[in-house]
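Source: prediction; values computed, not measured.
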Amino acid sequence: MEHLDKRKKVLIMLAIMSAMLFAALNQTIVGTALPRIIADLGGMKYYSWVFTIYMLTSSITAVLVGKLSDIYGRKPFILIGIGIFTIGSFLSGFSDTIIQLIIFRGVQGFGAGMIMSTAFTAVGDLFSPRERGRWQGLMSAVFGLASVFGPTLGGYIVDNADWHWVFWVFLPFGAVALIMIWTLFPSQVKKQGGSIDYFGSLFLTLTIVPLLLAFTWGGKDYEWSSVQIIGLFAGTVVALLLFLFTEKKVKNPVLPLELFKNSVFSLSNLIGFLLGAGMFGAIMYMPMFIQGVIGTSATKSGLVMMPMTLSMVIASAIGGQLITKTGKYKIIALIGLLIMTTGLFNLSRMGTDTSNTTAILNMITVGVGLGLSFPVFTLTIQNAVDYKFLGVATASSQLFRQIGGTIGVAIMGTVMNSKMTDKIKELAAEAQQGGQAGAIPPAMKAKIQALQDPQLLMDPEKLKKATEGFPPEMQAMLKQIFSLTREALSYSLTHVFLIGACVIGAGFILTLFMKEIPLRQSNKGETPAEEENKVTAKAE
């Protein structure tokens with residue numbers, strides 16, 4: 001599709017970005033609306049499954065469709081993806097039970113995986129690696145915009161209308177995107193000799209699903225040493241071995257192992273894994289600090305988070321333009337990772353006396369670094385592999401980033417819980433030594449223990465109910481307990497941000513060792529390996 005005129009390419013990209021915006025908005029809008037949805041449908045114990053099922057189905061679909069789109073072309077899969085996602089959104093709005101909602105969210109995930117995988121790959125079809133930087137930056141900016149407007153709109157809808165409209169409000173966007181891609185996106189002829197690797201696909205799925213479930217449930221629903229978690233990890237190892245054995249035997253593997261012999265491909269995926277871990281860690285736990293430690297309301301915390309997202313959008317667009325203009329991407333990635341590491345380190349230095357202004361400035365630093373570095377490693381992977389592997393290579397970068405995010409959030413959550421428990425015990429012991437706990441009536445001790453739950457700090461209504469029944473003379477003691485809990489939460493979250501800084505710092509170090517292959521001016525001509533050999537020869 002590289003031969004198309006510029007005007008048609010721009011129109012196709014607008015169609016692709018509208019499809020991505022449709023999927024991204026439907027994902028981000030759910031977060032703020034879900035508590036109200038659960039209150040209506042019930043099933044609080046299945047709360048996390050609304051997100052988990054979406055993550056599982058989208059991750060699996062993305063990597064499988066990546067290979068299939070290399071054989072059959074991108075158009076059928078992005079159209080099918082929009083159709084499935086639209087149906088999933090429509091049905092989600094009609095959910096009468098939490099189980100129905102989980103099932104329909106799974107349907108949404110299948111569609112989202114197809115859209116995301118084919119959308120980023122289509123950029124590679126339309127533009128040479130040298131031109132892709134600009135568009136990869138804009139595609140990343142679409143996610144940023146969805147992160148800004150989705151949660152705000154979700155909160156507005158559940159406050160002023162029926163929650164079902166959360167899933168229906170963007171359906172017209174899907175219809176427009178479907179029509180634009182149907183009419184504008186060129187069809188591709190199926191590649192000869194392309195067969196589907198059914199067993200490889202099965203074993204890859206059986207590797208991904210238990211791995212993600214283990215890190216999703218570990219430390220929360222089950223202990224890390226429990227039979228369930230160990231069993232999931234064991235299943236992952238067995239499936240991975242069967243997958244590797246299968247991929248060496250089949251003619252047309254779903255994820256060619258030869259790609260990992262390419263140092264740029266392997267290193268970029270490893271860095272993407274680390275970037276996902278650090279990125280999701282900051283995004284997941286920063287609202288907890290703003291609400292629980294600083295004491296900002298849930299509504300205002302969204303506004304406090306907004307500058308980080310906007311800075312990411314702007315930096316992503318600027319970074320993409322610079323890559324296209326200069327042809328240099330390694331320096332952009334290094335600057336971005338260094339800035340992001342600095343921002344996360346600054347977050348780790350915050351405490352109970354931190355203001356919203358300081359938090360915003362630190363988050364803007366993280367956002368700028370993330371915006372500069374995030375699009376680069378998809379570009380490096382696309383530039384490093386032969387064009388025939390474009391779809392599966394692009395999908396692999398998304399998969400590694402998703403797995404990194406899941407594992408990163410799980411490990412950071414475990415660290416947070418461990419550090420918080422230790423700190424609460426330490427502060428409680430200090431209070432007892434000071435004689436401050438001696439006046440607690442025996443009947444009140446159980447209630448006092450319940451007040452040490454940090455989740456109460458983020459829910460004023462629950463906090464108010466929890467403090468009912470305490471006599472006036474104990475109000476000073478209650479304030480002290482909340483102060484100690486807030487201090488323990490701050491202590492645990494600063495460790496989370498410090499881990500994030502170390503993870504991104506490791507990504508910075510790895511990037512130093514990555515070869516910078518010149519961005520090709522066309523999708524045809526020399527293979528990346530030939531160009532890399534030329535660069536090496538010149539260096540010698």
> Closest heavy-atom contact between T216 and L212?
Replying inline: OG1-O, 2.6 Å
> Just how far is it from atom CG of L399 to atom CD1 of I208, taken to the nearest 0.5 Å?
Replying inline: 4.5 Å
>> Can you pull out every side chain to side chain donor-acceptor pair (under 3.5 Å) where at least one residue sits in residues 357-371? Sequence neighbours excluded, please.
In response: S355-T358
>> One pair to check against side-chain contact (heavy atoms from CB on, under 4.5 Å): I339 and L370. What are the steps and the verdict?
In response: CA-CA 8 Å; I339 292 174; L370 183 58; over 6 Å; no
> What do the steps show when you test L138 against V142 for side-chain contact (heavy atoms from CB on, under 4.5 Å), and what is the final call?
Replying inline: CA-CA 6 Å; L138 291 174; V142 167; 5.9 Å; no
> In Å, rounded to the nearest 0.5 Å, how long is the span from OG of S266 to CG of L510?
Replying inline: 12.0 Å
> Hey, are the side chains of L211 and F233 touching, using non-hydrogen atoms and a 4.5 Å cut-off?
Replying inline: yes
>> If you compare all heavy atoms of G66 against all heavy atoms of A395, which two are closest, and at what distance to 0.1 Å?
In response: CA-CB, 3.8 Å
>> So, taking the atom named OG1 in T378 and the one named CD in Q398, what distance separates them when rounded to the nearest 0.5 Å?
In response: 7.0 Å
> Does one side chain, of S268 or T380, offer a donor that lies under 3.5 Å from an acceptor on the other?
Replying inline: yes
>> Keeping K419 on the side-chain end and H495 on the backbone end, is there a donor-acceptor pair under 3.5 Å?
In response: no
> Is the shortest heavy-atom distance from the side chain of I499 to the side chain of V415 under 4.5 Å?
Replying inline: yes
> If we only count heavy atoms from C-beta on, is the F110 to S58 side-chain gap below 4.5 Å?
Replying inline: no
> Do you see a donor-acceptor pair shorter than 3.5 Å between the side chains of T414 and W224?
Replying inline: yes
>> For the aromatic rings, using the six-membered ring if either is Trp, is the centroid distance between F120 and W135 under 6.0 Å?
In response: no
> Any side-chain heavy atom of L372 within less than 4.5 Å of one from S316?
Replying inline: no
> Can you tell me how far CD of E516 sits from CG of L334, rounded to the nearest 0.5 angstrom?
Replying inline: 9.0 Å
> For G88, does its backbone N or O pair with a side-chain atom of S92 as donor and acceptor, under 3.5 Å?
Replying inline: yes
>> What I'd like to find out is whether the side chain of L41 reaches to under 4.5 Å of the side chain of Q100, using heavy atoms alone.
In response: no
>> Run the ring pair (Phe, Tyr, Trp, His ring centres under 6.0 Å) test against W163 and tell me which residues pass, sequence neighbours left out.
In response: none
> Yes or no on side-chain hydrogen bond (donor to acceptor under 3.5 Å, both in side chains) for S348 and T494, after CA distance, side-chain angles and deciding distance?
Replying inline: CA-CA 4 Å; S348 75; T494 53; over 6 Å; no
>> With a 4.5 Å cut-off on side-chain heavy atoms, are F508 and S373 touching?
In response: no
> For the residue pair F400 and F377, is the inter-centroid distance of their aromatic rings smaller than 6.0 Å?
Replying inline: no
> Does any N or O in the side chain of T61 come within less than 3.5 Å of the main-chain N or O of G113, such that one atom is a donor and the other an acceptor?
Replying inline: no
>> Restricting to non-hydrogen atoms, name the atom on A146 and the atom on L21 that form the minimum distance, rounded to 0.1 Å.
In response: CB-CD1, 4.4 Å
> Taking it one step at a time, do I230 and S226 satisfy side-chain contact (heavy atoms from CB on, under 4.5 Å)?
Replying inline: CA-CA 6 Å; I230 292 175; S226 66; over 6 Å; no
> Is there side-chain contact between I407 and F273, with heavy atoms separated by less than 4.5 Å?
Replying inline: yes
> Heavy atoms, side chains only, cut-off 4.5 Å: are I37 and V50 in contact?
Replying inline: no
> About how many Å separate CD1 of I271 and OG of S397, when rounded to the nearest 0.5 Å?
Replying inline: 12.5 Å
>> So if I apply the side-chain contact (heavy atoms from CB on, under 4.5 Å) rule between F167 and each of L101, L91, I157, which one comes out positive?
In response: L101
> What pair of heavy atoms forms the shortest contact from A333 to V376, and how long is it?
Replying inline: CB-CG1, 3.8 Å
>> For a quick test of reading the model, state the closest non-hydrogen atom pair linking M116 to A23 and the distance between them.
In response: CE-CB, 3.7 Å
> After noting the C-alpha distance and the side-chain angles of W168 and S89, does the key distance pass the side-chain contact (heavy atoms from CB on, under 4.5 Å) rule?
Replying inline: CA-CA 7 Å; W168 296 338; S89 300; 5.9 Å; no
>> Using the side-chain contact (heavy atoms from CB on, under 4.5 Å) criterion, which residues pair with Q402? Sequence neighbours excluded.
In response: M55, S59, T406
> What do you reckon, are the aromatic ring centroids of Y285 and F497 less than 6.0 Å apart?
Replying inline: no
>> Restricting to non-hydrogen atoms, name the atom on M20 and the atom on M139 that form the minimum distance, rounded to 0.1 Å.
In response: SD-CE, 3.2 Å
> When you look at CD of E223, are more than 12 heavy atoms from neighbouring residues, nucleotides or ligands closer to it than 6.0 Å?
Replying inline: no
> Does a side chain donor of either Q108 or R105 reach within less than 3.5 Å of an acceptor in the other side chain?
Replying inline: yes
>> With rounding to the nearest 0.5 angstrom, report the CE to OG distance, M416 to S492.
In response: 5.5 Å
> Are there more than 12 heavy atoms of other residues, nucleotides or ligands under 6.0 Å from atom CH2 of W165?
Replying inline: no
